[in-house]
Amino acid sequence: MGDHLKKVFKKNDTSSTLAAVIGSPVTHSLSPILHNAAFDFLKMKWEYVALEITERELEEVLEQMRLGGLGGLSVTMPFKTIMASLVDSCTPTAQALNAVNCVVSTEEGLIGHNTDGDGFLNGLIHDAQFDPRGKKAAVIGAGGAARAVIEALARSGVTSITVINRTLDKAESAADLAGEIGRVGTPEDIPETDLVVNATSLGMKDNSEFFPCPIELLHPNQIVADLIYHPLETPWILETKQKGINSYNGVSMLLFQAVEAFTLWTGKEAPISVMQGAITQELTERTYK
Ligand SMILES: NC(=O)c1ccc[n+]([C@@H]2O[C@H](COP(=O)([O-])OP(=O)(O)OC[C@H]3O[C@@H](n4cnc5c(N)ncnc54)[C@H](OP(=O)(O)O)[C@@H]3O)[C@@H](O)[C@H]2O)c1
């Protein structure tokens with residue numbers, strides 16, 4: 001085990017329960033802010049840290065978790081897929097996505113979960129009182145985030161999911177996650193849908209001038225969700241708002257994937273508004289400073 005990991009696990013051997021996010025790069029992760037705000041508010045003796053690790057160190061981190069040295073583990077890029085093969089078992093969602101973002105230690109061993117898709121859906125229910133039953137959804141993008149959203153929407157009661165993506169074979173594979181209600185489409189299908197999700201990186205800093213779809217295809221009877229949270233409002237989201245469309249950024253997906261992880265690890269209800277306040281403050285500072 002690398003010296004940096006030894007130090008972290010040794011320092012925390014009894015005084016508090018350690019939880020961590022592992023990834024590379026991971027220094028800018030917002031997960032410590034979300035979880036530490038919740039631990040502090042509930043006066044729990046837990047500490048959540050970001051651990052920059054290499055692939056070779058994954059097994060050692062899991063061994064620490066098996067030995068009780070880690071109470072919770074979040075997984076981010078580039079380890080979500082490999083983690084699905086390292087845990088003892090996966091939930092059906094993590095298995096379908098072949099991606100794990102949260103590991104839970106149980107008597108049955110280490111269980112790999114994926115809370116991203118339910119995080120998206122619970123965020124939309126929270127923010128927009130969205131009722132998915134009977135609705136038609138369009139998802140633009142077919143990467144990891146899009147796949148998680150599609151898999152969750154497919155379980156939610158929507159009646160169709162149209163996947164629109166630059167690379168066609170990825171769109172097909174993502175649409176397959178939705179079974180019979182999934183299909184590949186084009187931007188021209190967007191006006192017929194009730195929910196439009198941007199799950200591409202169009203709108204982030206290097207791509208900020210590009211829109212995932214033309215604003216003319218959107219109308220005020222739709223709900224528009226952008227998974228991007230940095231910047232807090234992409235130019236596309238700002239324009240949808242000017243057109244009177246109910247639109248939402250990706251903060252709630254980030255928040256609610258953490259809310260689910262928190263409860264899985266601690267068995268406690270997460271203090272949602274405290275976590276929301278902490279993340280909004282941090283993102284506002286990062287966006288506007
Ligand atoms: N709110 C949250 O909690 C949360 C969680 C995860 C991710 N996200 C956000 O979701 C977005 C996607 O993340 P990801 O992990 O799914 O990334 P990813 O796996 O790399 O997928 C990127 C997607 O964007 C598309 N894309 C990229 N550049 C494009 C361009 N110039 N023109 C058209 N399409 C383009 C890709 O299309 P191709 O397939 O054609 O390459 C692909 O569909 C990111 O903005 C990320 O910040 C948010």
Side-chain angles (χ1 to χ4, degrees), residues 21 23-26 28-35 74-81 83 93-94 97-102 113-124 126-128 138-153 161-177 184-187 190 196-214 224-237 247-262 275-276 279-280 282-283 286-287:
V21 54
S24 184
V26 79
H28 287 100
S29 170
L30 293 156
S31 295
I33 288 157
L34 281 162
H35 289 289
S74 308
V75 184
T76 187
M77 301 308 286
F79 302 132
K80 288 186 181 186
T81 300
M83 187 54 80
T93 290
L97 298 171
N98 194 27
V100 163
N101 76 337
C102 168
H113 292 248
N114 194 309
T115 63
D116 281 335
D118 282 340
F120 167 77
L121 203 55
N122 290 334
L124 207 57
H126 179 266
D127 290 352
V139 177
I140 310 170
R147 292 173 65 86
V149 166
I150 290 164
E151 195 274 344
L153 283 172
I161 304 175
T162 302
V163 183
I164 300 156
N165 192 51
R166 177 179 62 176
T167 308
L168 207 58
D169 60 341
K170 285 199 201 162
E172 279 160 3
S173 162
D176 283 349
L177 285 164
V184 175
T186 66
I190 286 175
V196 182
V197 184
N198 173 36
T200 72
S201 43
L202 296 176
M204 290 181 82
K205 51 182 184 311
D206 294 339
N207 280 320
S208 62
E209 76 273 33
F210 299 112
F211 282 11
C213 79
V224 169
D226 196 331
L227 303 193
I228 295 174
Y229 51 77
H230 190 218
L232 272 172
E233 282 180 319
T234 60
W236 185 66
I237 283 290
S247 42
Y248 301 88
N249 64 17
V251 173
S252 286
M253 176 172 176
L254 181 70
L255 170 65
F256 280 90
Q257 61 77 29
V259 161
E260 188 179 337
F262 181 93
M275 294 166 84
Q276 186 173 30
I279 201 65
T280 304
E282 176 67 22
L283 281 167
R286 286 192 192 186
T287 298

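Throughout, numbering of the chain's residues begins at 1 and tracks the sequence. Counting starts at 1 for both ligands and their atoms, following the listed order.
Looking from atom 15 (O) of ligand 1 to the surrounding protein, the closest heavy atom is Ala145 N, 4.0 Å. Atom 48 (C) of ligand 1 has as its closest protein heavy atom Leu227 O, 3.2 Å. If you check which protein heavy atom lies closest to atom 21 (O) of ligand 1, you get Gly143 CA, 3.5 Å. If you check which protein heavy atom lies closest to atom 17 (O) of ligand 1, you get Gly144 N, 4.7 Å.
Contacts of Thr167 with ligand 1, taken as heavy-atom pairs under 4.0 Å, involve both backbone and side chain. With a 4.0 Å heavy-atom cut-off, ligand 1 is reached by no atom of Phe210. At a heavy-atom distance under 4.0 Å, only side-chain atoms of Lys170, from C-beta outward, approach ligand 1. Only the side chain of Asn165 comes within 4.0 Å of ligand 1, counting heavy atoms alone; its backbone N, CA, C and O stay farther away. Neither the backbone nor the side chain of Arg147 comes within 4.0 Å of ligand 1, counting heavy atoms alone. With a 4.0 Å cut-off on non-hydrogen atoms, Ala199 touches ligand 1 through its backbone and not its side chain.
Remark: atom 10 (O) of ligand 1 lies closer than 4.0 Å to at least one protein heavy atom. Inside a 4.0 Å radius of atom 24 (O) of ligand 1 there is at least one protein heavy atom.
With Asp226, Val251, Leu202 as candidates, the residue nearest to atom 33 (C) of ligand 1 on a non-hydrogen basis is Leu202. In this structure, of His230, Arg166, Lys80, Met77, the residue bringing a heavy atom nearest to atom 29 (C) of ligand 1 is Arg166.
Of the N or O atoms in Asp116, none lie within a sub-3.5 Å distance of an N or O in ligand 1. No N or O atom of Ile228 sits closer than 3.5 Å to an N or O atom of ligand 1.
Here is the list of ligand 1 atoms found below 4.0 Å of a heavy atom in Gly141: 43 (O).
Summarising the geometry of Ala152 relative to Leu121, their closest heavy-atom pair is O-CD2, 3.9 Å, with the distance given to 0.1 Å.
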